[in-house]
Amino acid sequence: MDVKKVYYIEGDGIGPEIFRAAKMVIDRAVEVTFGGTKRIEWIELLAGEKAYKETGSYLPEETLKTLREDAKVAIKGPLTTPVGTGFRSLNVTLRQTFDLYACIRPVRYFKGLETPVKHPELVDMVIFRENTEDVYAGIEWEAKSHEAKKLIEFMKDELGVDVDDSAAIGIKPITEKGSKRLIRKAIRYALENKRKSVTFMHKGNIMKFTEGAFFKWGYEVMEEDEFKGFCVKEGDEGKVEGKVIIKDRIADNMFQQVLTRPAEYDVIATTNLNGDYISDALAAQVGGLGLAPGANIGDDLALFEPTHGSVPKRAGTDTANPCSLILSGGMMLEYMGWNDASFKIQKAIERAIFKKEVTQDLARLMDGAKVVGCKRFGEIIAENIE
Ligand code: NAD
């Protein structure tokens, strides 16, 4: 028996409900695929509101220690972060503490859903979002604070930059190292999975030395020995067949192009904030956040999680869609090399949608669908694993 340890954090809000459904589906897929020769040993780690209730800390040292010293693979539900005040995002803290620098979010269409666009089936993209830098580095100060005033003074006196005395200040660090390692992962993924193109999405026309540098460094990565001969820059003459085309697009244009010409985009490599925005926008094109999985990958740890948040208004109502966490589990199985089990999960979700017994978010996008709860939807998916 091949037993693999998986650490899990249930999450806040809808987290516990979608986690229960996801665990059941993942276990079933492993059982059906490997006939009892492989199994997951699930080990809980505390974080978020449950951790606070039990230990007085939102992110207990023991959780961090286990993730640091023992875990290779973990999966989590969403964790709540207050807006504007209170503690820093636990999700961002986890990504930064463990240097989970690549956030990978595949976006695909499931047949049977009606979506806001005419041809959702043309959306088949994988977002590689830089996960540790940019405005997410958390370097910001409140308006009129001592630190903001000091920085404004420094900018006036030393740099000759005029900033209003009452401004709040945020800093956006983007490094060559951080950009290149993310872009390398995106190009490697495109080559290994025979994807057609990698597009660098950036706002380099306005933020020349941060976002502009990101795509410039991207083209340098393309010239590295590892990729020489395997990539070609868009518009360059020469033999394109079998090569990955490297493109770049300004972020605002990218948003309209993925709507109007989705077939032209495949892998997208981008900075942290752009990646956050485009993830939700693309998810909406194929049926919403309930179907949007993700992975945060570093060199030592892979942490899988849905793209969406904790949807507090639905907590405890058994109405949330568990598919994004189930599909994140599928990505986790692929990461573990258990690809067939992941494939069975995707097929089972397709079948469940086809049978038109779905959670309310998907039922709204279908004619004549019957609404079922989160738990029941999980059971239907598990029953459709063949
Ligand atoms: P959200 O993703 O929780 O919800 C946005 C909307 O998307 C919901 O109102 C709902 O209509 C829909 N939705 C999302 N997931 C769904 C699902 N599984 N089933 C059905 N409908 C679904 O975003 P928000 O309201 O901006 O954030 C709520 C909390 O989650 C905040 O505290 C935020 O910081 C946190 N958050 C956490 C993560 C994470 O854990 N990685 C990510 C995003 C937001």
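Order of listing sets the numbers, starting from 1, for every ligand and every atom in it. The residues of the chain are indexed from 1 along the displayed sequence.
A side-chain donor from one of Q256 and N253 sits under 3.5 Å from a side-chain acceptor of the other. Between the side chains of T319 and R314, a donor-acceptor pair is found at a separation under 3.5 Å.
Classification of the F304-Y335 ring pair by plane angle, with boundaries at 30° and 60°, yields perpendicular. Relative ring orientation between F19 and Y8 is described as parallel, the plane-to-plane angle staying below 30° on a 0-90° scale split at 30° and 60°.
Within the cation-pi definition used here (under 6.0 Å to the ring centroid, within 45° of the axis), K247 qualifies as a partner of Y265. A cation-pi arrangement is present between R129 and Y136, with the terminal nitrogen or guanidinium carbon under 6.0 Å from the aromatic centre and inside a 45° cone about the axis.
The ring pair (Phe, Tyr, Trp, His ring centres under 6.0 Å) search around Y52 returns Y58, not counting sequence neighbours.
The ligand atoms of ligand 1 that sit less than 4.0 angstrom from a heavy atom of L79 are 35 (C), 36 (N), 37 (C), 40 (O). Below 4.0 Å from some heavy atom of T81 lie the following atoms of ligand 1, by number and element: 31 (C), 32 (O), 34 (O).
For atom 5 (C) of ligand 1, the nearest non-hydrogen atom from the set D361, I14, L289, L291 comes from L289. Across G309, P312, P78, heavy-atom proximity to atom 23 (O) of ligand 1 is greatest for G309. Nearest residue to atom 38 (C) of ligand 1 from L90, N91, T80 is N91 (criterion: closest heavy atom). Counting heavy atoms only, E305 comes closest to atom 41 (N) of ligand 1 of the residues R314, E305, K313.
Considering backbone and side-chain N/O atoms, T307 never comes within less than 3.5 Å of an N/O atom of ligand 1. Geometrically, ligand 1 and H308 share a nitrogen or oxygen pair separated by less than 3.5 Å. Looking at N321 next to ligand 1, an N or O pair under 3.5 Å apart turns up.
At least one heavy atom of R95 sits less than 4.0 Å from an atom of ligand 1.
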